[in-house]
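Letters A, B, ... mirror the listed sequences (proteins, then strands); counts begin at 1.
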Amino acid sequence: MTVSIFNTLANKKVPLETLEPGLVKLYVCGITAYDYCHIGHARSALVFDMLVRYLRYRDYRVTFVRNFTDIDDKIIKRAAEQQTTCEELSERFIREFHADMAALKTVVPDLEPKATEHLPQIIRLIEELIAKGHAYQRGGDVYYRVESFVGYGKLSGRKLEDMQAGARVSVNEEKENPMDFALWKGSKPGEPTWESPWGPGRPGWHIECSAMSREYLGDTFDIHGGGKDLVFPHHENEIAQSEGASGQPFAKNWIHHGFVTIKEEKMSKSLGNFLTIREVLADHHQEVLRFFVFTTHYRNPLDYSDTALKDSAVGLERLYSAIAALERLPAPAAQAVPTIGPEERGKLATLEERFQEAMDNDLNTAQALGVIFEAVKDLNRLRQQLPTPAAPADLEFLQGIGALLTRLCGIMGLLSEPPAAFLLSLRAQELSELTIAPEEIEQLIVERCEARTAKNWQRADEIRDQLLAAGVELKDGAAGTTWQAKKD
RNA sequence: GGCGGCGUAGCCAAGUGGCUAAGGCAGAGGUCUGCAAAACCUUUAUUCAGCGGUUCGACUCCGCUCGCCGCCUCCA
């Protein structure tokens, strides 16, 4: 079995073949650091987090590079608005980004290069493009000559003629072709500048990724990724720059994930319909967000809503509960007769295989979660059928499945916490929303227990209803009464 | 205008040229319980937007229609 991934360049799903056996060189376009990240950025981070974890699980070594754009029109504008420097602004939001990533517990990239720290490489690349006829200078600007690159449009499936027909290309007398894009922008007063052969200025948006991926991964590498909105023009232009300069193929595989939408509309800064990562994490455990993200295939749109997050929380809790129940099982007895037969082990025995099949199929986490839940169902059933005490072999089997589930879920960053602690913390969060103090609840439970012992059902029900009204649900078990916050 | 994607049960969401159309949430019935809750079991699409076509056979391939969304300008 091999990992197959949808490659935007080939426009189809292809088996992953790496340049060096067992090594994946991955470059992901990171953020432009000028504002807090929204959950669209979170999806991006989580999708590539899952990719890296899965590849490593499949025994690949992964070199993971994710850049920061720390010089750009939006940064200049925002810095001016906030009466600060571009440097201060971008550094501040890179810090905030790191805080968000830490909260999401994402895998840390091997390298996180910044555009402003690679000016020499950028300038060298532009010089190379000029020398090869792919770029030209106009005043203090340098433009890429799109017509000089025959493959222009091959990633996004567009033709130059079609695009020029569109009226949305900004008119610029300086350019030979309206589709030509800036590699170097001569500076205006007050803007951050770097010295260059074309005078003081700053790099265009696309060139940094070509320069930095080349610096750390070489002319050709395995996977380049980002959101679907980067396909054109950003990634198309990267290909033109990199292949134009090196004459070598750039990224072999292009992975693009879908957007997060709200009420079916793309979440974006310009529409103002975005939620920041920290806003969401204030109300939801990070694994709930992960669960939500991975219930949908990464290339499809993901519609955010409170209901969807609540559903995800319930699903995740079901996962944790199954594992926690396993941990609470009493010790086995050597003389007990095993009850789980080979036929019952059969389906669970193929769990990992079926999980891999789903993940190999273009990282189909939705399908993989389906496999996980099927196993949870079997696991719960077998556990409940276990005699007390159970045979050591049976217990070992179920705990082995539990451990495997934990490991597989870990690829999506799920079940990363000790189950009992997770369920407790979930309860703590629910607790904070209650209007009644835990001590008072405990006291009422004691009182109800006495009433029940006296078979005073009326009083017992009265107390239960009273607590229910306060949002507390009671659970009478063999070991006594426990309670939990009522789910709505 | 150009290019691309999507439309599967109440909601979310996989999937496939022929095998029971996964799974989650919600709902219903049952086991358990003094009653509940939890857990478990059973159950919820003769059907995959609509209409045609290809095929022995399509939800899956092709065409058209309708609806929704995205890219073509900064965007994850």
Distance check, [atom1] atoms only: [N] and [M], in whole angstrom units.
{"N": "G15(B)", "M": "C35(B)", "atom1": "P", "answer": "45 Å"}
{"N": "U60(B)", "M": "A21(B)", "atom1": "C1'", "answer": "11 Å"}
{"N": "U43(B)", "M": "G34(B)", "atom1": "P", "answer": "28 Å"}
{"N": "G17(B)", "M": "C3(B)", "atom1": "P", "answer": "28 Å"}
{"N": "A49(B)", "M": "G67(B)", "atom1": "C1'", "answer": "8 Å"}
{"N": "U31(B)", "M": "C68(B)", "atom1": "C1'", "answer": "45 Å"}
{"N": "C41(B)", "M": "C32(B)", "atom1": "C1'", "answer": "11 Å"}
{"N": "U8(B)", "M": "U46(B)", "atom1": "P", "answer": "14 Å"}

Could you work out which one of [options] sits closest to the side chain of [X]?
{"X": "E264(A)", "options": "C74(B), G70(B), C68(B)", "answer": "C68(B)"}
{"X": "E374(A)", "options": "G24(B), G34(B), A22(B)", "answer": "A22(B)"}
{"X": "K74(A)", "options": "C74(B), A13(B), G15(B)", "answer": "C74(B)"}
{"X": "M267(A)", "options": "C40(B), A14(B), A76(B)", "answer": "A76(B)"}
{"X": "T296(A)", "options": "A13(B), G15(B), G23(B)", "answer": "A13(B)"}
{"X": "V314(A)", "options": "A14(B), C68(B), A26(B)", "answer": "A26(B)"}
{"X": "F373(A)", "options": "G24(B), A14(B), A39(B)", "answer": "G24(B)"}
{"X": "N364(A)", "options": "A76(B), A14(B), G24(B)", "answer": "A14(B)"}

Between Y27(A) and H224(A), ring centroids under 6.0 Å: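 Yes, the ring of Y27(A) comes within the 6.0 Å limit of the ring of H224(A), centre to centre.
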
Is_stacked (F259(A), G70(B)) at 5.5 Å, 30 deg: no

How long is the line joining [atom1] of [X] and [atom2] of [N], in whole Å?
{"X": "K266(A)", "N": "G4(B)", "atom1": "NZ", "atom2": "P", "value": "19 Å"}
{"X": "D306(A)", "N": "C12(B)", "atom1": "CG", "atom2": "P", "value": "15 Å"}
{"X": "R299(A)", "N": "C71(B)", "atom1": "CZ", "atom2": "C1'", "value": "16 Å"}

Complement of C64(B), any strand, by Watson-Crick or G-U distances under 3.5 angstrom: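 Base-paired to G50(B).
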
Which part of the nucleic acid, if any, lies within reach of [X] when heavy atoms closer than 4.0 Å are counted: base, sugar-phosphate only, or nothing?
{"X": "V260(A)", "answer": "base"}
{"X": "G227(A)", "answer": "sugar-phosphate"}
{"X": "Q384(A)", "answer": "base"}
{"X": "N300(A)", "answer": "sugar-phosphate"}
{"X": "R383(A)", "answer": "sugar-phosphate"}

Parallel, tilted or perpendicular, as decided by the 30° and 60° cut-offs, for the rings of H235(A) and H256(A):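 Rings of H256(A) and H235(A): tilted, 30 to 60°.
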
Worked check of side chain to side chain contact (heavy atoms under 4.5 Å, CB included) between S213(A) and V65(A): CA-CA 8 Å; S213(A) 61; V65(A) 180; over 6 Å; no

Identified ring-ring contact (aromatic ring centres under 6.0 Å, His included) partner of H285(A) from the options F422(A), F291(A), F292(A):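 The residue from F422(A), F291(A), F292(A) that satisfies ring-ring contact (aromatic ring centres under 6.0 Å, His included) with H285(A) turns out to be F422(A).
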
salt_bridge(D229(A), K266(A)) N-O dist < 4.0 Å: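 So D229(A) pairs with K266(A) through a salt bridge.
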
Greater than 12 external heavy atoms within 6.0 Å of K77(A)'s NZ: no

